[in-house]
Student: 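Here it is, the structure, as structure tokens.
Sequential numbering from 1 along the given sequence is applied to the chain's residues.
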Amino acid sequence: DVQLQASGGGLVQAGGSLRLSCAASGFTDSDYDIGWFRQAPGKEREGVSSIRRSDRHTLYADSVKGRFTISTNNAKNTVYLEMNSLEPEDTAIYYCASRILYSSNDYYTLRPMRWDYWGQGTQVTVSS
């Protein structure tokens, strides 16, 4: 089974940075996406960013473009989310998830309902 382990959350002041890590395991030969999502209190879970294993194509939510960077170390099966210029509005529980693809040409999406496996969350709190 696919397993995902997120880490790296914490408390940071506005304008600061954090790096989240997602250790993934249990994949077969199929291509897949790894994504980051977040959920703030009282709000729906939203997609933040994703990366495809085969071509490293990335996707970002408009709210984080230019501030967050997703990357992957395929040898370590780990995906990172570098978060810079953090804002109080970024405060949320951050989850990593995976999406198994039918082919490497499958569509790209940050819609949570399209994702198959979820790890536990890691709390990110940005103080003003």
Student: Please report the shortest heavy-atom distance between Ser85 and Asp90, naming the atom on each side.
Tutor: O-OD2, 4.4 Å
Student: Ile34 and Ser98: which non-hydrogen atoms are nearest, and at how many Å?
Tutor: CD1-CB, 3.7 Å
Student: Are side-chain heavy atoms of Asp33 and Ile51 found at a separation under 4.5 Å?
Tutor: no
Student: Does the plane of the ring in Trp118 sit parallel, tilted or perpendicular to the ring in Tyr95? Use 30° and 60° as the thresholds.
Tutor: perpendicular
Student: Taking Val126's backbone N and O only, do any of them form a donor-acceptor pair with Thr91's side chain (distance below 3.5 Å, no angle check)?
Tutor: yes
Student: Within this structure, what is the OG-CD distance for the pair Ser63 and Glu87, rounded to the nearest 0.5 Å?
Tutor: 8.5 Å
Student: For Asn73 and Thr78, does a side-chain donor sit closer than 3.5 Å to a side-chain acceptor?
Tutor: no
Student: Do Glu44 and Gln39 come close enough that some side-chain heavy atom pair is under 4.5 Å?
Tutor: no
Student: For Arg99 and Leu101, what are the C-alpha separation, side-chain angles and deciding distance, and is it a side-chain contact (heavy atoms from CB on, under 4.5 Å)?
Tutor: CA-CA 6 Å; Arg99 176 170 169 260; Leu101 307 177; 3.3 Å; yes
Student: Below 4.5 Å, heavy atoms only, C-beta onward: do Cys22 and Trp36 meet side chain to side chain?
Tutor: yes
Student: Please say whether the positively charged group of Arg52, taken as NZ for Lys or CZ for Arg, lies over the ring of Tyr32, i.e. under 6.0 angstrom from the six-membered ring centre and within 45 degrees of the axis.
Tutor: no
Student: Considering non-hydrogen atoms only, spot the tightest contact between Ala92 and Ala40 and give its length.
Tutor: CB-N, 3.8 Å
Student: Kindly indicate whether the side chain of Tyr60, heavy atoms from C-beta on, has any atom under 4.5 Å from the side chain of Val48.
Tutor: no
Student: Run the numbers on Thr122 and Ile93 for side-chain contact (heavy atoms from CB on, under 4.5 Å), then give the verdict.
Tutor: CA-CA 5 Å; Thr122 184; Ile93 299 175; over 6 Å; no
Student: In Å and rounded to the nearest 0.5 Å, what is the CZ to OG distance from Arg67 to Ser49?
Tutor: 12.0 Å
Student: Tell me the closest heavy-atom pair linking Ala97 and Phe37, and the distance in Å.
Tutor: CB-CE1, 3.8 Å
Student: Please walk me through it: do Phe27 and Asn77 pass side-chain contact (heavy atoms from CB on, under 4.5 Å)?
Tutor: CA-CA 10 Å; Phe27 292 102; Asn77 286 334; 5.8 Å; no
Student: With a 4.5 Å limit on heavy-atom distance, are the side chains of Leu4 and Tyr117 in contact?
Tutor: yes
Student: Look up atom CD1 in Ile100 and atom OG in Ser30, then write down how far apart they are to the nearest 0.5 Å.
Tutor: 6.5 Å
Student: How long is the gap from SG on Cys96 to CD on Gln5, to the nearest 0.5 Å?
Tutor: 8.0 Å
Student: Determine whether Glu82 and Phe68 make a side-chain contact, defined as any pair of heavy atoms from C-beta on separated by less than 4.5 Å.
Tutor: no
Student: Between Asn74 and Thr72, is there a side-chain donor-acceptor contact under 3.5 Å, judged purely by atom types and distance?
Tutor: yes
Student: Quick one: are Tyr102 and Asp31 in side-chain contact, heavy atoms under 4.5 Å?
Tutor: no
Student: Are Leu20 and Met83 side-chain neighbours, meaning at least one heavy-atom pair lies under 4.5 Å?
Tutor: yes
Student: Flag yes if more than 12 heavy atoms outside Gln120 fall under 6.0 Å of its CD atom; otherwise flag no.
Tutor: yes
Student: Before giving the answer on side-chain contact (heavy atoms from CB on, under 4.5 Å), spell out for Leu81 and Thr69 the whole-Å C-alpha distance, their side-chain angles and the decisive distance to 0.1 Å.
Tutor: CA-CA 6 Å; Leu81 185 68; Thr69 302; over 6 Å; no
Student: Tell me, please, whether Tyr94 has Arg38 positioned over its six-membered ring: NZ or CZ under 6.0 Å from the ring centre and within 45 degrees of its axis?
Tutor: no
